[in-house]
Chemist: 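I'd like to ask some things about the structure below.
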Amino acid sequence: MQPKKDTAHLDAHVRATTVSFTNMHLFGELLVSFLRARHETFVVNKGWDLPSADGMEFDQYDTPLARWIIIHEFGEILAGVRLTPTTAQIGMHSYMIRDAQLGMLPDIPRDVLFFEAPVKKEIWEATRLFLTPVVASNRRMRIQTILLQQMAAAGRELGATHVIGIVPAVFSRWMTRLGMLSAVPVGPVMTIDGDRTQAALMNVMNPV
């Protein structure tokens, strides 16, 4: 049997930063680089029709209520996700899943959830979860794990017990297998922009 390789050195320079409107000035161009990485991921690579300007992707949920969890290394974006409170209400919009259920987002089915979209201070929504192509195949699982760990930690700091989001249909089983967080499907399997997805509710307080 070959000895297990020590891969800890691969992550020695990986940093995780939670950015908000109130602290973004502390991190230079990090949020700009993050929004450009989102543009590269969702608009260029996936072909999604999303608002963009100056090579940055953004939408109506990138507001002062949001938090952006950014995984980076030597200034290069590796992965990220956005958190939004389910209590958000800015003009006609609340949060993505609820707006879809209310028929405001034609690209997402209204039956995205098995129940009425929650509006609770202890539940936040995760959207725009991604890894960039610069992450080598031998690091992708580890970077995904770091991202989800940081998402859970950020959620707890915000007072959340759960995070809800539309994720790949295998996401719940994958998270449970990793022994990270308990995640249960809370909506039907859907095909959105060619991807098999499903709403899941993640417990960020207690690991599996």
Chemist: Backbone N or O of S20 within a donor-acceptor pair of the N23 side chain at under 3.5 Å?
Modeler: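 Side chain of N23 to backbone of S20, a donor-acceptor pair under 3.5 Å: yes, one is there.
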Chemist: Are any of the side-chain heavy atoms of S33 and F27 separated by less than 4.5 Å?
Modeler: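 No, their side chains stay 4.5 Å or more apart.
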Chemist: Could you measure the distance from the CZ atom of F21 to the CH2 atom of W68? Nearest 0.5 Å is fine.
Modeler: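 Between atom CZ of F21 and atom CH2 of W68 there are 4.5 Å.
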Chemist: Please tell me if the side chains of L78 and L131 come closer than 4.5 Å, counting only heavy atoms from C-beta onward.
Modeler: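 They are not in contact (no side-chain heavy atoms under 4.5 Å apart), so the answer is no.
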Chemist: Hey, are the side chains of L113 and Q101 touching, using non-hydrogen atoms and a 4.5 Å cut-off?
Modeler: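 In short, these two side chains touch, coming nearer than 4.5 Å.
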Chemist: Do T18 and Q150 come close enough that some side-chain heavy atom pair is under 4.5 Å?
Modeler: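 Side chain of T18 against side chain of Q150, heavy atoms only: no contact under 4.5 Å found.
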Chemist: Without swapping roles, check the side chain of Q144 against the backbone of L148 for a donor-acceptor pair under 3.5 Å.
Modeler: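 Side chain of Q144 to backbone of L148: no pair is present.
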Chemist: Given the side-chain rings of F34 and F130, with only the six-membered ring counted for Trp, is the space between their centroids under 6.0 Å?
Modeler: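 Ring centres of F130 and F34 closer than 6.0 Å.
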Chemist: Are the side chain of T86 and the backbone N or O of I123 linked by a donor-acceptor pair below 3.5 Å?
Modeler: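 Flag set: sc T86 to bb I123 pair under 3.5 Å.
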Chemist: Can you find a pair of side-chain heavy atoms, one from R156 and one from M205, that are under 4.5 Å apart?
Modeler: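 Touching, per the 4.5 Å side-chain cut-off.
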Chemist: To the nearest 0.5 Å, what is the distance between CE on M56 and CZ on R36?
Modeler: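 Between M56 CE and R36 CZ, I get 5.5 Å after rounding to 0.5 Å.
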Chemist: Are L129 and L147 side-chain neighbours, meaning at least one heavy-atom pair lies under 4.5 Å?
Modeler: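 Of all side-chain heavy-atom pairs linking L147 with L129, at least one is under 4.5 Å.
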Chemist: Under the salt bridge (Lys or Arg N to Asp or Glu O under 4.0 Å) rule, what do R98 and E125 come out as? Steps first, then yes or no, please.
Modeler: CA-CA 10 Å; R98 186 166 184 265; E125 180 188 47; over 6 Å; no
Chemist: Taking the side chain as C-beta and beyond, is there a heavy-atom pair between T197 and V189 under 4.5 Å?
Modeler: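 Sidechains of V189 and T197: no contact.
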Chemist: Taking only Lys NZ, Arg NE, NH1 and NH2, and the carboxylate oxygens of Asp or Glu, determine whether R139 and E73 approach each other closer than 4.0 Å.
Modeler: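 Between E73 and R139 there is a salt bridge, with a charged N closer than 4.0 Å to a carboxylate O.
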Chemist: Look at the aromatic rings of F74 and H13 and report parallel, tilted or perpendicular, splitting at 30° and 60°.
Modeler: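 Tilted.
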Chemist: With heavy-atom distances below 4.5 Å as the criterion, would you say the side chains of R82 and D62 are in contact?
Modeler: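 In contact.
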